[in-house]
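All remarks here apply to the structure that follows.
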Amino acid sequence: MNKTEIAAVLTEIGTLLELKGENPFKIRAYQAGARVVESLGEDELTQRIEAGTLEEVKGIGEALAQKITELHTTGRLEFFDKLAQSVPAGLIEILRIPGIGAKKARTLQEKLGIDTVAKLRAACAAGSVAALDGFGEKTQEKILEGIRNREAYDKRHLWLTAAEAAAPILAGLRKLPGVKQVESCGSLRRRMETVGDLDFLVAMTDPAPIVGWFVTQPAVKEITARGETKASVRLESGLQADLRLVPPEQFVFTLHHLTGSKDHNVQMRHRAQQRGLSMSEWGLVPAAGEGTAKEKAEHLGRKTDIRTEEQLFRKLGLAHIPPELREGLGEIEAAAEDALPPLVEEGDIRGVFHNHTTASDGHNTLEEMTAAAQALGLEYLGIADHSKSSVQARGLSEERLVAQIAEIGRLNATKKFKCHVFTGTECDILPDGKLDFDAGLLAQLDYTVVSVHSSFRQESAVMTKRIIRALEQPHVTMLGHLTGRLLLEREAYAVEVDKVIDAAIANGVVIELNANPSRLDLDWRHWRKAAEKGLLTSINPDAHGTDQLAYHKVGVGAARKGWLTKDHVLNTRPLAAMKKWLAARRG
DNA sequence: GCCGTTTTCGGCCCGACTGTTTTCAGTCG
């Protein structure tokens with residue numbers, strides 16, 4: 001089993017234990033274990049299992065190490081099989097209905113024999129759920145509503161979709177009287193590739209009008225909770241949006257808390273404890289003494305001199321950790337040693353490669369794309385239309401590509417645009433690893449992106465060999481969307497990413513960070529290690545229209561999550577340096 | 001089940017909101 005599959009089993013064990021009413025801390029240990037396994041490299045996991053050093057990893061003890069090893073080597077786990085048999089499969093689905101936790105799910109099963117969503121719906125319709133102790137009419141109605149909406153509500157949303165939904169709400173909140181500070185938190189602020197819900201935090205003096213404004217926004221479909229300092233709504237798109245209101249002196253603590261991630265927060269609280277402090281959304285207060293964290297924070301509130309996250313981190317002896325890095329993957333250790341990298345920024349991007357025009361499946365002409373790139377302040381634009389085998393995308397024949405090279409040459413010569421256009425292609429990697437164009441033609445281009453667009457279902461070893469073979473061909477500049485995933489739509493194809501990374505480094509090939517919001521491929525989780533090994537990336541919008549050229553900004557978010565600096569990103573180089581680099585690469 | 005510069009046992013975050021209660025349990029984040 002690979003690490004993703006193992007992590008899924010550990011997570012499911014956690015869920016099953018929850019349904020059995022097990023010790024909550026044991027459940028948390030399995031969930032934490034799953035996250036730790038997911039964060040390890042595939043190679044590292046294998047090596048540790050072989051060397052028996054799995055227990056050295058924080059969060060994995062004797063029991064988890066044994067179970068992970070069994071899963072990795074045999075692909076099965078007796079403990080899990082027995083556990084799964086003892087819990088009806090339908091209960092897990094019932095647990096996903098909002099308002100139903102482990103306790104309620106168990107009650108439903110024990111008292112009414114409910115172990116599927118269908119039975120639950122029938123019981124609600126018959127009114128027998130409302131008659132249970134601890135349940136009532138409203139709960140029953142909420143469950144029915146939850147069953148009706150679960151598809152839309154379960155869904156996560158692309159980062160850009162969430163960002164676009166959040167923008168008008170943020171802007172509106174900022175304009176309200178009495179509002180001092182506003183920020184969106186959670187995975188949106190951490191720039192995760194997908195977002196489950198929106199979290200808005202407001203520093204203010206009078207909550208009532210703000211809550212009133214929030215729940216009456218045009219995009220609001222349903223109000224799910226409305227209190228003094230909190231409100232939750234469901235937007236038309238299915239996105240949930242939460243609002244939190246705090247006094248100004250508490251803002252920074254709640255901002256950090258709601259930004260997360262959970263793992264990061266756990267580690268931060270631990271660090272605070274080591275310093276005799278207690279950290280929470282309420283404040284950073286002495287751990288000793290009577291009273292809750294909230295009471296102490298309220299008592300100290302006006303006296304605290306911490307107003308920014310920089311100050312909050314400094315109080316714990318840490319350099320400022322950008323939100324993108326707060327995943328509990330070593331950022332606190334690095335911040336303690338002042339070893340956090342200076343992350344690449346949107347403004348560092350000087351030009352973009354891998355863009356399409358109407359010559360293949362783009363929506364805008366060469367000139368329109370160039371004008372749009374210039375309007376974005378970019379110094380250069382790389383065209384990379386599809387090659388002949390991508391028939392569905394009107395891939396260019398050799399003749400049409402030669403004609404396009406000439407056309408781009410003429411456009412550059414007119415000096416009509418300050419933005420320079422580089423000639424290129426997105427050349428198909430054929431199923432056997434050969435390229436769709438021969439080396440003679442590729443040599444005439446400024447650069448070549450090679451990508452897989454067919455035979456997605458090849459075995460992992462075959463796919464890996466196929467891609468590596470392509471990287472070894474002359475005149476290959478970059479590898480496009482390494483795994484071919486489409487977020488929330490299509491899984492990555494089976495491929496050994498680490499081996500492809502090593503081959504790219506060996507052949508001096510760049511691996512793109514495809515910045516299309518549905519791709520963000522190669523995934524940010526790989527970049528830190530890959531960059532340390534010497535891999536270079538290019539943040540490519542893969543724009544199929546002028547409106548998509550700015551996708552590189554989304555890609556910068558993913559690059560930042562991957563700990564990348566300006567030096568790791570090829571297209572932060574100015575035009576002259578870029579020309580020189582490409583010329584040297586062509587040899 | 002994990003962890004330890006309070007180290008092998010006893011913690012492990014905790015408060016808001018809801019719906020059900022009649023003082024609180026369950027869920028959620």
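Letters go in sequence order (proteins before strands), and every chain restarts at 1.
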What distance, rounded to whole Å, do you find between the two [atom1] atoms, one in [N] and one in [M]?
| N | M | atom1 | value |
| --- | --- | --- | --- |
| dC13(B) | dT27(B) | C1' | 16 Å |
| dT20(B) | dG26(B) | P | 14 Å |
| dC2(B) | dT6(B) | P | 23 Å |
| dC17(B) | dC12(B) | C1' | 24 Å |
| dT8(B) | dC3(B) | C1' | 10 Å |
| dT23(B) | dT18(B) | C1' | 15 Å |

Does [X] reach a base, just sugar-phosphate, or nothing at all? Heavy atoms under 4.0 Å.
| X | answer |
| --- | --- |
| V57(A) | sugar-phosphate |
| T229(A) | sugar-phosphate |
| I27(A) | nothing |
| E62(A) | sugar-phosphate |

Test: [X] and [Y] ion pair at under 4.0 Å:
| X | Y | result |
| --- | --- | --- |
| R326(A) | E309(A) | yes |
| K82(A) | E78(A) | yes |
| K529(A) | E44(A) | no |
| E56(A) | R48(A) | yes |

Next on the checklist: Show every salt bridge (Lys or Arg N to Asp or Glu O under 4.0 Å) that has at least one partner inside residues 157-175 of chain A, sequence neighbours left out.
Outcome noted: none
Checklist entry - Which base sits across from dT8(B) as a Watson-Crick or G-U pair, both distances under 3.5 Å? => result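 Per the H-bond distance test, none.
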Next on the checklist: With a cut-off of less than 4.0 Å, is there a side-chain N or O of R28(A) near OP1 or OP2 of dC13(B)?
Outcome noted: yes
Between [X] ([atom1]) and [N] ([atom2]), how many Å, whole number?
| X | N | atom1 | atom2 | value |
| --- | --- | --- | --- | --- |
| H270(A) | dC12(B) | NE2 | P | 12 Å |
| E55(A) | dC3(B) | CD | C1' | 12 Å |
| Q250(A) | dC14(B) | CD | P | 15 Å |
| F25(A) | dG4(B) | CZ | C1' | 17 Å |
| I143(A) | dT18(B) | CD1 | P | 17 Å |

Checklist entry - Which pair of non-hydrogen atoms, one from V215(A) and one from I223(A), has the smallest distance, and what is that distance? => result CB-CD1, 3.6 Å
Item to check | Protein proximity profile, nucleotides 20-26 of chain B - base contact B, sugar-phosphate-only contact S, no contact -, cut-off 4.0 Å on heavy atoms | outcome: S-----S
Scan the side chains in residues 26-37 of chain A for donor-acceptor partners under 3.5 Å anywhere in the protein, sequence neighbours excluded, and list what turns up.
from	atom 1	to	atom 2	distance (Å)
K26(A)	NZ	E22(A)	OE2	3.1
Y30(A)	OH	K67(A)	NZ	3.3
R35(A)	NE	D263(A)	OD1	2.6
R35(A)	NE	D263(A)	OD2	2.9
R35(A)	NH2	D263(A)	OD1	2.8

Checklist entry - Nearest to the side chain of A225(A) - dC12(B), dT18(B), dG29(B)? => result dT18(B)
Item to check | Among dC12(B), dG29(B), dG4(B), the one nearest K58(A) by side-chain distance | outcome: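 Out of dC12(B), dG29(B), dG4(B), the nucleotide with an atom closest to K58(A)'s side chain is dG4(B).
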Checklist entry - So which one's nearest nucleotide on DNA chain B is more toward 5', R269(A) or K230(A)? => result R269(A)
Checklist entry - Closer to the 5' end of DNA chain B via nearest nucleotide, is it G61(A) or E228(A)? => result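 It is G61(A) whose nearest nucleotide is closer to the 5' end.
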Checklist entry - Do the side chain of S187(A) and the main chain of R190(A) share a donor and acceptor less than 3.5 angstrom apart? => result no
Checklist entry - Got a donor-acceptor pair under 3.5 Å from the side chain of N23(A) to the base of dG1(B)? => result yes
